[in-house]
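We name chains A, B, ... by the order of the sequence lines, and we start the count at 1 in each one.
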There are 2 protein chains.
Amino acid sequence: MPAPTTWLDVAADDPFGPATLPYGVFSSSDGRPPRVGVAIGAWVLDLGAAARELDAPFADAVDAPALNPLLAAGPATWREVRETLTAWLADPAYEGALRPHLADRARVRLHLPFAVGDYVDFYSSEHHATNLGRILRPNQEPLTPNWKHLPIGYHGRSGTVVVSGTEIVRPMGQRKPPSAAEPDFGPSARLDIEAEVGFVVGSPAPLGTPVPVADFAEHVFGVFLVNDWSARDLQAWETVPLGPFLGKSFATSVSPWVVPLSALEAARVEPPARGPEPLPYLRDADGQPWGLDLRLEVRLNGHTVARPPFAAMYWTPAQQLAHLTVNGASLRTGDIYASGTVSGPGAGEQGSLIELSWNGAEPLELPDGSTRTFLRDGDTVSITASAPGAGGATIGFGEVAGRVLPAEG
Amino acid sequence: MPAPTTWLDVAADDPFGPATLPYGVFSSSDGRPPRVGVAIGAWVLDLGAAARELDAPFADAVDAPALNPLLAAGPATWREVRETLTAWLADPAYEGALRPHLADRARVRLHLPFAVGDYVDFYSSEHHATNLGRILRPNQEPLTPNWKHLPIGYHGRSGTVVVSGTEIVRPMGQRKPPSAAEPDFGPSARLDIEAEVGFVVGSPAPLGTPVPVADFAEHVFGVFLVNDWSARDLQAWETVPLGPFLGKSFATSVSPWVVPLSALEAARVEPPARGPEPLPYLRDADGQPWGLDLRLEVRLNGHTVARPPFAAMYWTPAQQLAHLTVNGASLRTGDIYASGTVSGPGAGEQGSLIELSWNGAEPLELPDGSTRTFLRDGDTVSITASAPGAGGATIGFGEVAGRVLPAEG
């Protein structure tokens, strides 16, 4: 498929060129409430206003304060909206109608793009899980016996999913170092990041109807970036026997732009070889793998500290969705799930500081001469990603960023 | 406080007498959409219609298809609504206005009473946690080292919270008995119940504002019953290292009636002695304990199999809420949390079949001559509860019930 073109002045290698067309929710200084927008080059198109102006049949689904109505509209509408947008931006005949609905992307405020239903966090990088196993359980097999049989996951707190740019207050909580007799209470001393990739459900599935691997793209609308902030000391003390809770629930940041799955056809790759062979409900659909060649980049105070490769993930998002629903659990529009920390096999490919600093034993050196094991107050973390798009285009995802504020209380 | 009275024909010991006044959402055969109702004796009062008719200032909060607007209105409105209802039902002058808005409770359909935000499940019965530890980890200390320092909890799936009466399809999933080399896939063979008590948040709390133990009743509106259906075999295989997931996420049933906290003043009791002393943020507010003397009853196919005493819970709901928010996690209207399985120290006081049958070693005998370890297809489980109310009244909670259907697929 050749790269789409546009009458707008957008560089061929712009990550938000006409091959990307991600959806978000924005507001500007005009006082109007937040509304759905599409990023193109340096602009954001007010999609609802444009659809009204051009009498698009999908106007009701996109003239909204969140992506949820578009998500709920289902894959036929998703295709129609994207094809229409592509045509509008390619054909100069639409320039007059659309120009008034373009805002300067540098001057808009971006909001949480969807109302979140449930939030599930997986743990699907073999490299990450192995590293964590080696660090946290050094005398045991690094992977638990179930790890290669199912995508391990758990539910997170959907009410504390926040949009990129939201400041992250260092959480308070109970910590108990192995050497201490009793826990004490105070700010997390081991605040970490987890660079992940998120997926948002559009079409719901009723209770009792598992979604097979092959139906992934019928239900999942698109992809975004996630920073699953993690207080390692709170988590370590609370996590046995029921898993992470307060160590994760204080905040999960997401990028404001959702890249539709249909922008990622050229990024689909075979996942790594898996063995033992997964049970039938988890097998890749024939010839239709959902490995994705997203290259993530993690910056700490502007300095690149990691380049995690999403293509190295053991379980694909299609397998994750099939697993999530195989017990009959329903899906709602706005349910999201995240991949788990993305870590590759190579040096500097790890998506968390606990891995990059090997639990603090090997501090990172930053260009300003300082070192890091875990995050300091004032640190800013930004995660970006790119992927191959149609006709050699680059697909961008924007960024998910957040600055750490001191603990309160 | 004396028991309130009413001009309606309600027996003094009716669990839904005028001391209870629980809120729910109902519909009837008149074709009108679901709306907020209050149970009183054999009737349900259409609260929105009554409030409109009598020009009550809170009409907007209760003329709604779910409890959420009332929950969001906050404690001053909660008090006003209850005081007004109590006055209406006590004074025969209101009979003419209210009679037309009373429906036969036996003929209405009850719906999920609230739109659920997040769902957290705790694990706060020492007896339950000790029993599970002995059963599942026989060679270790039954309680993990953190258990008496914090209320262990995790997030469940809010999208699969269903109202009492919803049929429960036996979930499919991966099971691996210890003797098997590999997991297989099939229907859960160890489907269990967990009899719990739930709490629903009314007033929200923004990110970064922990809710102290003393502020519990400013945020929590009321109490309901929960059956946290659990597939023990799925759960056992998946749960290490990140906790329960598919073993729980297929369904969580809740009772349709929410009993306001203000109906439970006479049920407040001192919780059991706790030691080691909890950290300051978890200490009971002076003289204001939130132990609650709810007596649960679990019936299997109509036969009482357990009478779990909620007063025996180690951590109170006020402590649970303080813990849940101490890291700065926000609360939304409609967030719910459950106590964890309620089990007492005595015989027949356990709220789960894995305890009652000691992991299958001691099958329960039912009056029809059959035995149970875990649930069979066709089994119906019902959980009810009562508590002391004002002036010697009995506070009822209705029931949460569900029937098990065979696995599909």
Side-chain angles (χ1 to χ4, degrees), chain A residues 117-121 123 132-133 144-146 149-150 152-160 162 166 169 171-174 176 182-185 188 207-208 210 231 234 237-247 249-251 276 279-281 323-324 326-332 335 408-409, chain B residues 117-121 123 132-133 144-146 149-150 152-160 162 166 169 171-174 176 182-185 188 207-208 210 231 234 237-247 249-251 276 279-281 323-324 326-332 335 408-409:
Chain A
D118 274 298
Y119 161 44
V120 167
D121 193 23
Y123 187 59
L132 269 280
T144 50
N146 51 16
H149 293 281
L150 52 79
I152 297 280
Y154 67 99
H155 285 88
R157 189 163 186 80
S158 55
T160 53
V162 298
T166 305
V169 177
M172 306 284 284
Q174 292 196 26
K176 195 187 84 65
E182 299 284 321
D184 66 0
F185 183 80
S188 171
L207 210 60
L234 276 53
W237 173 231
E238 74 184 355
T239 204
V240 175
L242 297 185
F245 185 31
L246 298 191
S249 66
F250 55 98
L279 283 162
Y281 80 92
H323 185 63
L324 171 53
V326 78
N327 68 346
S330 51
L331 295 176
R332 293 178 295 178
D335 283 349
E408 292 171 353
Chain B
D118 273 299
Y119 162 44
V120 167
D121 193 24
Y123 187 60
L132 268 281
T144 51
N146 51 16
H149 293 282
L150 51 79
I152 296 282
Y154 67 100
H155 285 88
R157 189 163 186 81
S158 57
T160 52
V162 298
T166 305
V169 178
M172 305 284 285
Q174 293 196 26
K176 196 188 84 66
E182 300 283 321
D184 67 0
F185 182 80
S188 171
L207 211 59
L234 277 53
W237 171 233
E238 74 185 353
T239 203
V240 175
L242 297 184
F245 185 30
L246 298 192
S249 66
F250 55 97
L279 283 161
Y281 80 93
H323 185 63
L324 171 55
V326 77
N327 68 345
S330 50
L331 295 176
R332 294 179 294 178
D335 283 349
E408 292 171 354

Let me confirm one number: the CZ-OG1 distance from F245(B) to T239(B), rounded to the nearest 0.5 Å. 11.5 Å
With rounding to the nearest 0.5 Å, note down the distance linking CG in L150(B) to CG in L279(B). 8.5 Å
Measure distances from [X] to the heavy atoms of chain B and classify the residue's part below 4.5 Å as side chain, backbone, both or neither.
X: S158(A); answer: both
X: V240(A); answer: both
X: L324(A); answer: both

Which residue out of [options] racks up the most heavy-atom pairs below 4.5 Å with chain A?
options: P241(B), P210(B), G328(B); answer: P241(B)
options: R157(B), E238(B), H323(B); answer: R157(B)
options: K176(B), E182(B), H149(B), R332(B); answer: H149(B)
options: G247(B), G173(B), S249(B), G208(B); answer: S249(B)

Sort out for me which of L331(A), I152(A), T166(A), V162(A) touches chain B most, counting heavy-atom pairs under 4.5 Å. I152(A)
So which residue, G117(A), P183(A), P171(A), ends up with the most heavy-atom pairs under 4.5 Å with chain B? P183(A)
Tell me yes or no: between the side chains of Y119(B) and H155(A), is some donor less than 3.5 Å from an acceptor? no
Examine whether an atom of [X] lies under 4.5 Å from a heavy atom of chain A, and if so say whether it belongs to the side chain, the backbone or both; otherwise answer neither.
X: L207(B); answer: side chain
X: V326(B); answer: both
X: P145(B); answer: both
X: D121(B); answer: neither
X: L246(B); answer: both

At their closest point, which heavy atom of F185(A) faces which heavy atom of Q174(A), and how far apart are they? CD1-N, 4.2 Å
All heavy atoms of L132(B) vs all of Y123(B), minimum pair found to be CB-OH, 3.7 Å
Does D118(B) reach the main-chain N or O of G159(A) with its side chain, forming a donor-acceptor pair under 3.5 Å? yes
Check for a donor-acceptor pair, side chain of N327(B) on one end and backbone N or O of M172(A) on the other, with a separation under 3.5 Å. no
Under 6.0 Å between ring centres, would you say that holds for Y154(B) and Y154(A)? no
